[in-house]
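Atoms within a ligand are numbered from 1 in the order they appear, just like the ligands themselves.
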Amino acid sequence: MAQVTLKNASVELAIYNSRGRGLKNEILRRAVGGSLEDTRDRSVTVVHALDAINLEVSSGERIGLIGHNGAGKTTLLRVLGRIYPPTSGEATITGRVSSLIDLSMGMDSESTGYENIVLRGVMLGLTRTQARALIPDVEEFSELGEYLNLPVRAYSSGMLLRLAFAVSTAVRPDIVILDEVIGVGDASFAQRAEQRLHGMIDKAEIMFLASHANNSIRRFCQRTLWLAGGKIVMDGPTDEVMDKYESANAAAAQEQAG
Ligand SMILES: Nc1ncnc2c1ncn2[C@@H]1O[C@H](COP(=O)(O)OP(=O)(O)OP(=O)(O)O)[C@@H](O)[C@H]1O
């Protein structure tokens, strides 16, 4: 049974060599959505990307994440995808996770496509034998042919994305993590990719989708979290949260115009 529990989970990210002072620090402060902290050592700036998040998600839930740039959506997805452990608090994630953010993470540019299928598969939590078993499916779906025998540094960015997408969607996860629309190559591949993604989402027990496309959130998610400054400001049924979020945005736009 897939299950996610976060208790006071925070993520602090250090930006080194920012030498944040005066005007530069002020600009940085405005540019980031998470709150900034000055440290004694002025060459390090700490961003509170997630601030004491409490969350309980059970099997069957489809969760949307909304919020302005820098609100903490991607950071939260990275915690859920076990990419970032919380710097304080707890994250308990039960079930196999496939994260379609940071798609090419775990890949090695000097290794061949075939070797990278296994590397990425292991990164997704499979044994080497299980990862090797993905090869026929990835071969067929990626349509990379002989390129799979070459080091991936020889791939175009679209080819690399095809490979990474094919591997990440070849596993059968309990929890799927998605960020925005994934650009996966030309039109015909994009269409096949969408079909494959929907198949995977249908079978998964839990899905998280972060998006600025409000229609996608309304279409796919029953529950939505609104993030701002690394905190959850609202958690509830998608229609209620989206209505509030959209009217807050409309009010802010009107204020700016006036
Ligand atoms: N690698 C990093 N190092 C330092 N700070 C980071 C890093 N990644 C993100 N941040 C900061 O953490 C905060 C949250 O960023 P995050 O990427 O989670 O936001 P987001 O809601 O996904 O934004 P967007 O909608 O623009 O993708 C921001 O203040 C951002 O500047």
Side-chain angles (χ1 to χ4, degrees), residues 4 6 8-21 23-55 57 62-89 91 93 97-107 161 175-184 207-218 220-221 223-235 238 241-242 244-246 248-250 252-253:
V4 170
L6 303 188
N8 284 320
S10 296
V11 172
E12 292 179 358
L13 298 166
I15 307 173
Y16 293 96
N17 301 320
S18 66
R19 303 206 180 279
R21 277 211 180 90
L23 180 63
K24 192 173 169 187
N25 202 31
E26 186 54 32
I27 291 169
L28 195 60
R29 193 181 294 282
R30 284 180 199 179
V32 297
S35 45
L36 285 183
E37 180 188 299
D38 278 339
T39 56
R40 267 168 176 271
D41 175 358
R42 284 306 197 107
S43 65
V44 183
T45 304
V46 175
V47 181
H48 297 279
L50 281 187
D51 191 359
I53 298 286
N54 287 299
L55 183 63
V57 178
R62 301 281 182 261
I63 312 276
L65 266 58
I66 55 167
H68 293 161
N69 293 129
K73 303 179 295 295
T74 309
T75 308
L76 179 54
L77 293 182
R78 289 193 172 128
V79 170
L80 298 167
R82 305 192 183 104
I83 297 166
Y84 286 168
T87 42
S88 63
I93 293 129
V97 181
S98 185
S99 170
L100 294 166
I101 56 170
D102 305 307
L103 259 186
S104 48
M105 207 174 86
M107 289 202 162
L161 213 52
I175 302 173
V176 179
I177 292 177
L178 297 165
D179 197 358
E180 290 290 353
V181 184
I182 316 167
V184 272
M207 177 191 75
F208 291 96
L209 166 67
S211 182
H212 292 285
N214 298 355
N215 291 343
S216 309
I217 299 272
R218 284 192 192 267
F220 296 113
C221 307
R223 175 179 167 195
T224 292
L225 313 177
W226 171 3
L227 280 111
K231 292 182 197 289
I232 295 176
V233 292
M234 192 173 171
D235 172 358
T238 293
V241 178
M242 291 305 292
K244 279 251 163 65
Y245 180 65
E246 283 166 354
N249 286 344

Which of the numbered atoms in ligand 1 are under 4.0 angstrom from any heavy atom belonging to [X]?
X     : value
Asn69 : 23 (O), 24 (P), 25 (O), 26 (O)
Ala71 : 19 (O), 20 (P), 21 (O)
Leu13 : 2 (C), 4 (C), 5 (N), 6 (C), 7 (C), 8 (N), 9 (C), 10 (N)
Thr75 : 14 (C), 15 (O), 16 (P), 18 (O)
His68 : 21 (O)

Which residue is it: Leu209, Val97, Leu100? I am looking for the one with a side chain to side chain contact (heavy atoms under 4.5 Å, CB included) to Ile177.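 The passing option is Val97.
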
Less than 4.0 Å is my threshold; does some heavy atom of [X] fall inside it relative to ligand 1?
X     : answer
Gly67 : no
His48 : no
Arg78 : no

Would Ala14 count as a polar contact of ligand 1, with the cut-off being nitrogen or oxygen pairs under 3.5 Å?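 No: no nitrogen or oxygen of Ala14 is under 3.5 Å from one in ligand 1.
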
Which label fits Tyr245 and His68: parallel for a plane angle under 30°, tilted from 30 to 60°, or perpendicular past 60°?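 The arrangement is tilted - the two ring planes meet at 30° to 60°.
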
Nearest-0.5 Å distance that lies between atom CD1 in Ile217 and atom CG in Leu65: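 It comes to 7.0 Å.
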
Closest non-hydrogen atom pair between Arg82 and Ile93, with its separation: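 Smallest interatomic distance, heavy atoms only, reads NH2-O, 2.8 Å.
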
How close do Cys221 and Thr238 get, counting heavy atoms only, and between which atoms?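 Heavy-atom minimum between the residues: O-OG1, 2.7 Å.
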
Are Lys73 and Asp179 close enough for a salt bridge, meaning some N to O gap below 4.0 Å?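 Salt bridge: no.
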
Could you tell me whether the side chain of Asn54 reaches within less than 4.5 Å of the side chain of Leu6, counting heavy atoms only?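 Contact flag for Leu6/Asn54 side chains = no.
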
